[in-house]
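Take a look at the structure below.
Note that the coordinates shown come from a computational prediction; the quantities given were computed from them, not determined experimentally.
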Amino acid sequence: ESLLFQHVRTETKLVILDHTTSNTALNYPIEKLAKASKRINSNIKVLVDGAHSMLAKDLDFKALEECGVDYFVSNGHKWAST
């Protein structure tokens, strides 16, 4: 979170967060990071890249929205064979 605060400023318009890393499967605390972003600027948009988490974890999109996630994007080709 402290790294986020070094780069997100009041004039920032969009924050893009990776939900799960591809090489280590590390899950970032996107709910916490989205809330922190909104504290810096309540008008900021938060986009989550969910390419590696879409079907790998249980996702509550309503809860993500309530935490400040505006967009959750993924891709279908990673999950076509599962």
Side-chain angles (χ1 to χ4, degrees):
E1 187 176 328
S2 63
L3 183 60
L4 176 73
F5 287 117
Q6 292 175 16
H7 298 284
V8 176
R9 295 174 173 68
T10 55
E11 55 275 348
T12 302
K13 297 187 185 316
L14 176 67
V15 170
I16 300 173
L17 303 171
D18 197 8
H19 195 186
T20 304
T21 63
S22 62
N23 56 347
T24 63
L26 175 70
N27 292 306
Y28 290 111
I30 57 172
E31 297 90 345
K32 183 178 178 181
L33 295 172
K35 285 181 182 179
S37 298
K38 297 287 184 171
R39 280 195 305 270
I40 295 169
N41 175 357
S42 62
N43 293 318
I44 205 166
K45 297 296 181 189
V46 177
L47 182 143
V48 173
D49 175 356
H52 295 97
S53 64
M54 186 65 177
L55 296 176
K57 11 179 349 149
D58 292 330
L59 296 170
D60 182 346
F61 291 106
K62 185 68 175 165
L64 292 176
E65 182 181 0
E66 291 170 358
C67 291
V69 173
D70 298 292
Y71 309 101
F72 188 97
V73 298
S74 188
N75 50 20
H77 78 278
K78 292 192 183 287
W79 303 104
S81 64
T82 58

Quiz prompt | Shortest non-hydrogen contact between S74 and A51, atoms and distance | solution = OG-CA, 3.5 Å
Quiz item: Are F61 and L33 linked, directly or through other ILVMFWY residues, by side chains that come within less than 4.5 angstrom of each other?
Solution: yes
Practice problem: For D18, enumerate each residue passing the salt bridge (Lys or Arg N to Asp or Glu O under 4.0 Å) test, keeping only those at least two apart in sequence or located in another chain. | Solution: none
Quiz item: To the nearest 0.5 Å, what is the distance between OG1 (T10) and NZ (K13)?
Solution: 10.0 Å
Self-check item: side-chain hydrogen bond (donor to acceptor under 3.5 Å, both in side chains) partners of T24, counting only residues at least two apart
Solution: T21
Self-check item: Under the side-chain hydrogen bond (donor to acceptor under 3.5 Å, both in side chains) test, residues paired with N41 that sit two or more places apart
Solution: none
Quiz item: Tell me, do V8 and I44 make a side-chain contact under 4.5 Å, heavy atoms counted?
Solution: yes
Self-check item: I40-V15 co-clustered via ILVMFWY side chain contacts under 4.5 Å
Solution: yes
Quiz: residues 63-73 side-chain donor-acceptor pairs under 3.5 angstrom, not counting sequence neighbours:
| from | atom 1 | to | atom 2 | distance (Å) |
| --- | --- | --- | --- | --- |
| D70 | OD2 | K38 | NZ | 2.8 |
| D70 | OD2 | V46 | N | 2.8 |

